[in-house]
Amino acid sequence: MTYTNPVLNADWSDPDVCRVGDDFYLTASSFGRVPGLPLLHSRDLVDWTLVGHALQRLEPAAEFDRPRHDRGVWAPSLRFHDDRYWIFWGDPDQGVFQVNAPRIRGPWSTPRLVKAGRGLIDPCPLWDEETGEAYLVHAWAKSRSGVKNRLTGHRMRPDGTGLLDEGRVIVDADRLPGWFTLEGPKLYRHDGWFWILAPAGGVETGWQGAFRSRGFFGPYEERVVLEQKDTEVNGPHQGGWVRTPAGEDWFVHFQRRGAYGRVVHLQPMRWDADGWPVIGADGAPVTVHRRPRLPPQPPAAPATDDDFPGGRYGSQWQWTANPQDGWAPQHSADGLRLACVRSADAHDLRRVPNVLTQRLPGMPCSVEAGLRLESEETGARAGLAVLGDAFSWIGLERRADGTAWLVHRFAESTAGAERDAAHPVPAPGGRALLRIDLTPGARCRFSCDVGDGPRPCGQVFAATGWRWVGALLGLFALAPGGPGPAGTAEFTRFRVTPA
């Protein structure tokens, strides 16, 4: 039996994994979306399901009450120690944070700031079971600190609440010929060595490095252990090592794929005669490989479809900012009823906090959602969007004469406001079936049905991500600024169907 990469074909950025008994868990960057720190579960390292999130709000609340698409939670590390799950992450504008929980589904602790400072990213803890010592390593974001291409190490309090020293540079890649943008370290103990698995070279074209030392503070020797070579997997790096109960070693990493974001690959891993890890097929990523020797599991993937039972949305959805009073879906037996939130930014979805999003699938597919606009407010609108540095959406808008119209709008990355992508058409009864067909290259064809049959709408739209984040699918309901409630919109039967 074989598997095919990527095993997670969507933007599960900067993955890290751990094993507890027969279970494997994965978390990933969530940046400014809420809830954050997704938690995935697998029994075979190939088939994954989303079981929750570890972070319910981003702080400080005032900073994240509006979209911060490339800020917030960067590159977390997931560990199990002392009968608890631990996640450390870096907020590039605040510092290193930590949460922990007795069970993967929580309850998770309130975030604790372990080290304050700008530019502190990609932290990873290590509890040395042999000595009882605890350590932390992190990288640097030059955009905030003026420093990059080096890793800083600390001794840490065993309870994970703080650090015991000022820290020192333990790997300075400026001293390594050809190495640049060293980041994303993962820290381990193995075979008497301290190991740091860390990528370099940038997300598009980089490689995975391994560093080892007999002492935590160095000196470290280095080796490239995974790179593109003659494959189509560009920039294969940044992830985590995990060992199965049978003693097999595997490495989970990402590949940046444009608008699809950072999809997740699984690589076999072994140790050579000199004690160095060998990842993939002699250092090149595999596309198809024998599955891990683990009990067979039914095929699984993180949910995308949603019938919104009882008016609730599934755990695959995230807001583009901290949710506010008045956003909570209203109870409905028919679908997801969202308030048309008044906003001065209704003309630009990139600036709107109340967009409910999920990851853009990394495969050709169709996306459908039913919509009924229940607001009588002039200018009220709701729709289905592809959201990124550029965006496009299709949906319904209420006119001054009380009629509802099907509209399709877009904005280029440099535009400050949207404009029509097609001529509006009447939507009798304020209802529509909305559809997006995604083809290779994240090219999106919009269509609709307002009761007289399916029709294409507008030109093909090429989805884009943000600087670090892949494009998103989004549902929204908005109204122009003003006093009082502005009505609701109801979404039904959200479906993603492979092409």
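One is the number of the first residue; the rest follow in order along the sequence.
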Basic-acidic side-chain contact under 4.0 Å: Arg57, Asp65:
no
I'd like to know if Asp128 and Arg189 make a salt bridge, using a cut-off of under 4.0 Å between side-chain N and carboxylate O.
yes
If I compare all heavy atoms of [X] with all of [Y], which pair ends up nearest, and what's the gap?
X	Y	answer
Ala300	Thr49	CB-CG2, 3.7 Å
Gln318	Ser30	NE2-CB, 4.0 Å
Pro323	Val34	CD-CG1, 3.7 Å
Gly90	Pro123	N-CD, 3.3 Å
Ser145	Gly119	CB-CA, 4.1 Å
Ala54	Ile87	CB-CD1, 3.9 Å

For the residue pair Arg33 and Trp319, would you count it as a cation-pi contact if the rule is NZ or CZ under 6.0 angstrom from the ring centre and within 45 degrees of the ring axis?
no
Between Arg150 and Trp140, is NZ or CZ placed under 6.0 angstrom from the six-membered ring centre and within 45° of the ring axis?
no
Do the two ring centres, one from [X] and one from [Y], sit under 6.0 Å apart?
X	Y	value
Phe31	Trp466	no
Trp271	Trp195	yes
Tyr25	Tyr85	yes
Phe251	Trp241	no
His237	Phe254	yes

Trp179 and Trp207: ring pair (Phe, Tyr, Trp, His ring centres under 6.0 Å), yes or no, with the steps?
CA-CA 10 Å; Trp179 287 68; Trp207 59 90; 5.6 Å; yes
Would you find a donor on one side and an acceptor on the other, under 3.5 Å apart, between the side chain of [X] and the backbone of [Y]?
X	Y	result
Arg214	Gly192	yes
Ser109	Val99	no
Thr4	Val288	no
Asn149	Thr181	yes
Arg19	Arg243	yes
Tyr220	Phe216	yes
His138	Gly95	no
Trp48	Asp44	no
Ser29	Asp14	no
Thr2	His289	no

Give the intermediate values and the outcome of side-chain contact (heavy atoms from CB on, under 4.5 Å) for residues Asp11 and Val469.
CA-CA 7 Å; Asp11 187 27; Val469 183; 3.9 Å; yes
From [atom1] ([X]) to [atom2] ([Y]), nearest 0.5 Å:
X	Y	atom1	atom2	result
Leu475	Phe494	CG	CZ	6.0 Å
Asp174	Lys148	CG	NZ	8.5 Å
Ile170	Ile196	CD1	CD1	4.0 Å
Arg350	Asp389	CZ	CG	6.5 Å
Leu356	Leu473	CG	CG	11.0 Å
Leu197	His190	CG	NE2	10.5 Å

Tell me, with the steps shown, if Asp47 and Arg291 meet salt bridge (Lys or Arg N to Asp or Glu O under 4.0 Å).
CA-CA 11 Å; Asp47 300 287; Arg291 296 173 73 98; 2.9 Å; yes
Apply the side chain to side chain contact (heavy atoms under 4.5 Å, CB included) test between Gln98 and each candidate in Lys115, Met156, Arg112; give the one that qualifies.
Arg112
Counting heavy atoms not belonging to [X], are there more than 12 under 6.0 Å from its [atom1]?
X	atom1	value
Arg419	CZ	no
Arg105	CZ	no
Gln459	CD	no
Arg467	CZ	no

Between [X] and [Y], is any pair of side-chain heavy atoms under 4.5 Å apart?
X	Y	result
Gln228	Pro285	no
Arg157	Leu164	yes
Glu129	His81	yes
Leu176	Leu182	no
Pro185	Leu187	no
Asn5	Val286	yes
Gln56	Pro35	yes

Phe194 and Tyr135: ring pair (Phe, Tyr, Trp, His ring centres under 6.0 Å), yes or no, with the steps?
CA-CA 11 Å; Phe194 286 90; Tyr135 304 95; 5.5 Å; yes
Verdict with reasoning, Thr497 to Cys365, per side-chain contact (heavy atoms from CB on, under 4.5 Å):
CA-CA 5 Å; Thr497 306; Cys365 62; 5.9 Å; no
Going by distance alone, is a donor N or O of one side chain under 3.5 Å from an acceptor N or O of the other, for Ser343 and Asp345?
no
When you look at Phe446 and Val386, which way does the side-chain contact (heavy atoms from CB on, under 4.5 Å) test go after all the steps?
CA-CA 10 Å; Phe446 290 76; Val386 176; 4.2 Å; yes
Go through it in stages, so that I can follow the logic: the residues are Ile104 and His41, the test is side-chain contact (heavy atoms from CB on, under 4.5 Å), and I'd like the CA-CA distance, side-chain angles, deciding distance and then a yes or no.
CA-CA 9 Å; Ile104 196 69; His41 170 254; over 6 Å; no
So Phe24 and Trp250, ring pair (Phe, Tyr, Trp, His ring centres under 6.0 Å) or not? Walk me through it.
CA-CA 12 Å; Phe24 300 93; Trp250 296 86; 9.7 Å; no
Salt bridge (Lys or Arg N to Asp or Glu O under 4.0 Å) evaluation trace for Asp272 with Arg223:
CA-CA 12 Å; Asp272 69 15; Arg223 182 173 293 187; 3.2 Å; yes
For Glu63, all residues meeting salt bridge (charged side-chain N to carboxylate O under 4.0 Å, His left out), sequence neighbours excluded
Arg68, Arg71
